[in-house]
Amino acid sequence: MTSTAKLTVLSSQTMALLLDREKGRRVDEQRIRRNLAVLRGAKDPGLKRQYEVMRAMFGLYRENEEEEDILEPYTDDPPPPPPPNMNLDLEAGRAHMHEGELFEEQQQIMQQQDTHLDSLAQSISRQHHISTQINGELEEHVGLLEALEEDVDNTHNRMATARRRLDRVVKGVGGNVSTVTIGVLILILLVLIVVFKT
């Protein structure tokens, strides 16, 4: 579903194209047809009135007409000439809307666009504020992670040093096992001699 703001912008663009067309400038009529097809489903009353005016300016007169030629295939043939009564119908379509009313309606559409743009600006400002806060928190977390990494590295180095010392002790004890065993046996023998002599 197309939003009212987008439809308003589309309506303004289409009106500009139609005015250029009336001044005799070359315009993309297929684009005008596509724009009118999109605007046909507008719910906003102002956009509906604008659609009817543009429809009359473009030459689509029947109220319930299904515009089947909106996506017609491309051909190199020139478009068919407009019906002879087009100018009469165009004047009849414009009779109900004078320049002042058209200008007033354009002003209302521009005010609606300004309102939508203001709300969009506020939304973007909120998003900027939130992203700034998230960035600050991420930087704080990065600092904490760096400190944790440093602590882990220090602990790893201390563990490696303790493991090397323990390995030296184990090697030292492993080479002196026979000496310790002989010493313990001599001590037991002395204790037995003392016990049996007394």
Side-chain angles (χ1 to χ4, degrees), residues 1-21 25-54 67 70-71 74 102-185 187:
M1 188 77 190
T2 308
S3 70
T4 305
K6 289 180 182 177
L7 288 175
T8 304
V9 170
L10 188 65
S11 173
S12 297
Q13 292 172 349
T14 308
M15 181 59 80
L17 287 170
L18 287 169
L19 292 173
D20 284 346
R21 179 176 176 250
R25 295 182 185 150
R26 186 178 178 108
V27 295
D28 184 3
E29 293 197 6
Q30 291 300 322
R31 182 177 175 196
I32 295 172
R33 287 180 188 274
R34 286 191 301 269
N35 290 356
L36 287 175
V38 171
L39 290 168
R40 182 174 42 186
K43 305 285 187 224
D44 184 62
L47 287 173
K48 282 184 178 181
R49 283 194 311 273
Q50 187 82 6
Y51 167 74
E52 292 301 326
V53 169
M54 290 187 291
E67 299 166 16
I70 289 173
L71 298 176
Y74 173 79
L102 186 61
F103 178 75
E104 186 178 313
E105 189 157 334
Q106 285 292 331
Q107 290 293 342
Q108 289 174 351
I109 290 172
M110 288 172 58
Q111 286 175 351
Q112 289 174 350
Q113 288 175 346
D114 287 344
T115 304
H116 290 298
L117 288 174
D118 288 343
S119 65
L120 180 63
Q122 290 173 355
S123 176
I124 290 172
S125 175
R126 283 192 301 269
Q127 293 294 328
H128 174 71
H129 180 67
I130 290 170
S131 63
T132 304
Q133 287 179 335
I134 290 173
N135 185 40
E137 289 183 17
L138 286 175
E139 287 177 357
E140 184 178 330
H141 284 251
V142 166
L144 292 172
L145 287 173
E146 287 174 351
L148 179 64
E149 182 181 11
E150 188 176 322
D151 289 345
V152 167
D153 287 343
N154 290 340
T155 304
H156 181 273
N157 291 338
R158 280 188 255 145
M159 295 264 306
T161 304
R163 185 175 297 133
R164 282 194 300 271
R165 287 181 186 165
L166 188 61
D167 287 344
R168 273 188 266 153
V169 169
V170 168
K171 284 181 185 177
V173 170
N176 297 329
V177 170
S178 60
T179 307
V180 171
T181 306
I182 292 171
V184 170
L185 288 174
L187 184 64

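Distance CD/Gln113 to CG/Leu120: 12.5 Å, rounded to 0.5 Å. Within the model, atoms NE2 of His128 and CG of Asn135 stand 10.0 Å from one another, a figure rounded to the nearest 0.5 Å. The CZ atom of Arg31 sits 5.5 Å away from atom CD of Gln13, with the distance rounded to the nearest 0.5 Å. For the atom pair OG1 (Thr8) and CG (Leu39), the distance works out to 9.0 Å, reported to the nearest 0.5 Å. Here the straight-line distance linking atom OG1 of Thr115 with atom CE of Met110 works out to 12.0 Å at 0.5 Å rounding. A distance of 9.0 Å separates CG of Leu18 from CD of Glu29, quoted to the nearest 0.5 Å.
No donor-acceptor pair under 3.5 Å is formed between the side chain of Ser11 and the backbone N or O of Leu7. Not a single donor-acceptor pair under 3.5 Å links the side chain of Gln50 to the backbone N or O of Glu105. Judged purely by atom type and a 3.5 angstrom limit, Ser123 has no side-chain atom pairing as donor or acceptor with the backbone of Ser119. The backbone N or O of Leu10 lies less than 3.5 Å from a partner atom in the side chain of Thr14, making a donor-acceptor pair.
Inter-residue side-chain proximity for Asp44 and Gln112 is flagged as met; some heavy-atom pair is nearer than 4.5 Å. Leu36 is not listed as a side-chain neighbour of Arg40, based on a closest heavy-atom distance of 4.5 Å or more. At a threshold of 4.5 Å between non-hydrogen side-chain atoms, the residues Asp28 and Leu17 do not count as touching.
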| request: Go through Lys6 and Val9 one step at a time and tell me if the side-chain contact (heavy atoms from CB on, under 4.5 Å) criterion holds. | output: CA-CA 5 Å; Lys6 289 180 182 177; Val9 170; 5.8 Å; no
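Side-chain N/O atoms of Glu137 and His141 include no donor and acceptor closer than 3.5 Å.
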Please list, one pair per line, the donor and acceptor atoms closer than 3.5 Å that link side chains of residues 147-160 to other protein atoms, with sequence neighbours excluded.
residue : atom : partner : partner atom : Å
Thr155  : OG1  : Asp151  : O            : 2.9
Asn157  : ND2  : Asp153  : O            : 3.4

